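See structure below.
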Amino acid sequence: MGGMTMRPYQQEARKAIHTQWDNGNRRTLLVLPTGTGKTIVFASVAEDEVRSGSRVLILAHRGELLEQAADKIKRSTGLQSAVEKAQETCLGSWYRVVVGSVQSLQRPQRLEKFPPDYFGTIIIDEAHHATTDGYQRVLDYFSSAHVLGVTATPDRGDMRNLGEVFDSLAYEYKLPQAIKDGYLCPILAQTIPLKLDITSVTMSGGDYAVGSLGTALDPYLEQIAREMANICKARKTVVFLPLIKTSQKFRDILNQHGFQAAEVNGQSNDRKQVLADFEKGKYNVLCNSMLLTEGWDCPSVDCVVVLRPTKVRSLYSQMVGRGTRLSPGKKELLLLDFLWLTEKHELCRPADLICESREVAKKMTENLEQSCCPEDIEQAEIQAAEDVVTQREEALAQKLEEMRKRKKKLVDPLQYEMSIQAEDLANYVPAFGWEMSPPTDKQCSTLEKLGILPDAIESAGKAQLLLDRMAKRRDAGLTTPKQIRFLEGKGFNHVGTWQFEDARRMIDRIAANSWRVPSDIEPAEYKPKTEW
């Protein structure tokens with residue numbers, strides 16, 4: 001890697017990608033948050049593939065991304081890149097790495113100039129775009145190539161869609177872990193008590209139509225500017241808006257409120273100069289109409305204002321990601337959120353950056369709306385998760401009461417997940433192929449033998465996750481589902497966290513007491529001496 005030191009998670013990702021390919025998963029995914037060095041990882045993979053004799057294609061949908069990839073690969077590995085875009089072609093070049101535009105390569109007359117085995121490896125930057133027809137045409141043509149998709153999206157819905165293109169998820173490094181490890185800055189979210197009504201906005205291509213959004217936002221721009229003047233005047237702020245004219249109008253309004261605001265768009269002749277001046281501090285607010293979502297970095301940005309509401313979490317993540325990088329003197333990123341009024345659709349909010357569970361995300365959004373101060377999103381997620389657990393436990397208590405009446409012999413999966421405190425099981429969503437199919441007869445039979453009611457398990461992936469977890473728990477000497485059902489039926493809490501032997505001894509004491517809990521034990525407060 002040209003002397004460049006890779007971070008531990010980058011090394012793990014590099015190894016995991018090759019493992020997937022070695023195991024026969026020809027198309028695999030890498031998920032890294034914006035700002036954690038995805039280009040470094042795929043540059044290292046490209047170097048590995050070139051060393052093994054493969055020709056590598058880096059595929060992207062924007063020229064800036066291709067230029068950045070070529071530059072980063074050269075600086076980190078020393079490898080030069082040929083270009084396949086517009087009038088430029090890599091054919092005849094002796095360079096083993098090619099950066100290519102999907103818009104150019106997808107054309108049949110262009111593809112047919114290449115032998116189908118010309119590229120041994122294809123790397124797709126911003127892989128959440130890979131489900132489109134253009135990418136599919138290129139991948140289908142070079143069908144024997146190993147494929148790596150790289151994306152920052154944290155969204156399980158996106159992952160499900162990407163599961164139609166990719167065979168596996170090689171490695172995922174999550175935003176909370178990156179913040180905890182000190183590679184990204186903490187994020188504070190603040191909900192502004194300003195109700196923005198977008199109930200009349202139409203949809204286009206699965207998201208809000210930008211034209212309608214711009215018109216709907218106009219009446220609120222003065223109020224938003226006043227709120228920003230109270231909250232983030234001392235910060236370096238990027239504002240995302242739906243239209244160029246809206247972005248320009250908001251720049252003028254911000255300047256009237258004492259900001260030094262600038263605006264950039266795809267038609268700006270002085271774009272590079274404005275971006276450079278913003279980075280140097282000549283401006284403290286930069287307005288743009290979705291130009292800066294990918295391929296632009298200014299680490300000193302410490303406030304992001306999203307005035308382009310979206311349902312697409314990959315897009316939301318890209319916007320917020322403009323402010324998550326570390327910079328000298330920067331303590332955190334402030335993310336300003338608004339009370340978007342919409343009757344029809346769920347919008348991406350700060351909770352969607354960190355919560356995998358829709359239930360927890362909804363609760364976290366409610367909590368943030370009730371708070372008048374900036375809240376650390378990690379702490380807010382923990383609080384929301386605790387609130388949801390409390391709600392679930394209340395619902396579970398009611399369900400247990402019903403179970404006692406029915407005298408079921410098997411443990412409901414929800415009871416088991418709650419008892420062993422397994423959020424990953426409770427929030428599991430299948431993403432790839434076989435995981436989505438119904439549980440097999442063998443899985444159902446095994447679960448039933450182990451004491452789990454299989455009827456409520458909807459997918460083979462969930463069934464396998466449960467079976468794997470029970471095997472690990474057995475090896476660790478932890479309680480069985482039947483012990484959990486019996487003791488929690490007697491009023492004990494979280495028996496799933498007990499040791500097997502502690503549960504056995506308690507059951508023996510109850511059995512010796514005519515199957516009644518001894519009078520010196522209060523089940524709801526009882527904790528075994530050897531806690532897990």
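The shown structure was predicted, so the numbers you read here are calculated from the model rather than taken from an experiment.
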Heavy-atom side-chain proximity of [X] to [Y] below 4.5 angstrom:
X      : Y      : answer
Leu196 : Leu217 : yes
Phe259 : Thr237 : no
His494 : Glu393 : yes
Thr191 : Arg349 : yes
Thr36  : Val41  : no
Met319 : Thr310 : yes
Lys195 : Gln223 : no
Arg251 : Asn288 : no

[X] versus [Y], closest heavy-atom pair with distance:
X      : Y      : answer
Pro186 : Ile179 : CA-CG2, 3.9 Å
Ser212 : Thr202 : OG-OG1, 3.1 Å
Val274 : Glu263 : CG1-O, 4.3 Å
Ala385 : Val360 : N-CG1, 3.9 Å
Arg26  : Trp21  : O-NE1, 3.3 Å
Pro309 : Ile198 : CG-CD1, 3.9 Å

Has the side chain of [X] got a donor or acceptor atom that lies under 3.5 Å from a matching backbone atom of [Y]?
X      : Y      : value
Glu356 : Asp424 : no
Lys462 : Leu425 : yes
Asp181 : Tyr183 : no
Ser104 : Ala86  : yes
Glu172 : Val31  : no
Tyr316 : Leu347 : no
Lys245 : Gly214 : no
Asp376 : Gln379 : yes
Thr390 : Glu386 : yes
Ser371 : Cys373 : yes

Check against side chain to side chain contact (heavy atoms under 4.5 Å, CB included), Tyr428 and Glu435: CA-CA 11 Å; Tyr428 173 79; Glu435 298 176 350; 3.5 Å; yes

I need the [X] [atom1] to [Y] [atom2] distance, nearest 0.5 Å.
X      : Y      : atom1 : atom2 : value
Ile377 : Ile354 : CD1   : CD1   : 4.0 Å
Gln11  : Arg14  : CD    : CZ    : 8.0 Å
Leu194 : Glu227 : CG    : CD    : 6.0 Å
Ser101 : Leu66  : OG    : CG    : 6.5 Å
Leu57  : Thr121 : CG    : OG1   : 9.5 Å
Leu339 : Leu368 : CG    : CG    : 10.5 Å

Classify the ring geometry of Trp340 against Phe338: parallel below 30°, tilted from 30° to 60°, perpendicular beyond 60°. perpendicular

Can you label the angle between the Phe119 ring and the Phe142 ring as parallel, tilted or perpendicular, going by 30° and 60°? perpendicular

Under 3.5 Å, is there a donor-acceptor pair between the [X] and [Y] side chains?
X      : Y      : answer
His257 : Glu222 : yes
Thr77  : Glu47  : no
Gln248 : Asp252 : no

Would you say that more than 12 heavy atoms from the other residues, nucleotides or ligands in this model lie under 6.0 Å from the [atom1] of [X], or not?
X      : atom1 : value
Asp468 : CG    : yes
Lys74  : NZ    : no
Lys233 : NZ    : yes

I'd like to know whether Arg27 forms a side chain to side chain contact (heavy atoms under 4.5 Å, CB included) with Leu139, so could you lay out the CA-CA distance, the side-chain angles of the two residues, the decisive distance to 0.1 Å, and finally the verdict. CA-CA 10 Å; Arg27 297 180 178 183; Leu139 294 181; 3.5 Å; yes

Stepwise, does the side chain to side chain contact (heavy atoms under 4.5 Å, CB included) test hold for Arg235 with Met228? CA-CA 10 Å; Arg235 290 179 176 267; Met228 287 177 59; over 6 Å; no

Between Asp387 and Gln391, does the side-chain hydrogen bond (donor to acceptor under 3.5 Å, both in side chains) criterion hold? Intermediate values first, please. CA-CA 6 Å; Asp387 293 344; Gln391 292 172 350; over 6 Å; no

Salt bridge (charged side-chain N to carboxylate O under 4.0 Å, His left out), that's the test. Do Glu359 and Arg392 meet it? Break it down for me. CA-CA 10 Å; Glu359 192 179 5; Arg392 283 181 185 167; 3.0 Å; yes

Run the salt bridge (charged side-chain N to carboxylate O under 4.0 Å, His left out) test on Lys363 and Glu366 for me, step by step, so that the C-alpha distance in whole Å, both residues' side-chain angles and the decisive distance to 0.1 Å come before the verdict. CA-CA 5 Å; Lys363 186 62 182 174; Glu366 291 173 1; 3.8 Å; yes

Test Leu213 against Leu243 for side chain to side chain contact (heavy atoms under 4.5 Å, CB included), laying out the working first. CA-CA 8 Å; Leu213 274 173; Leu243 295 174; over 6 Å; no

Can you give the donor-acceptor pairs under 3.5 Å from side chains of residues 300-308 to other protein atoms, not counting sequence neighbours?
residue, atom, partner, partner atom, Å
Ser300, OG, Lys236, NZ, 3.0
Asp302, OD1, Lys236, N, 2.7
Arg308, NH1, Asp207, OD2, 3.4
Arg308, NH2, Tyr208, O, 3.3

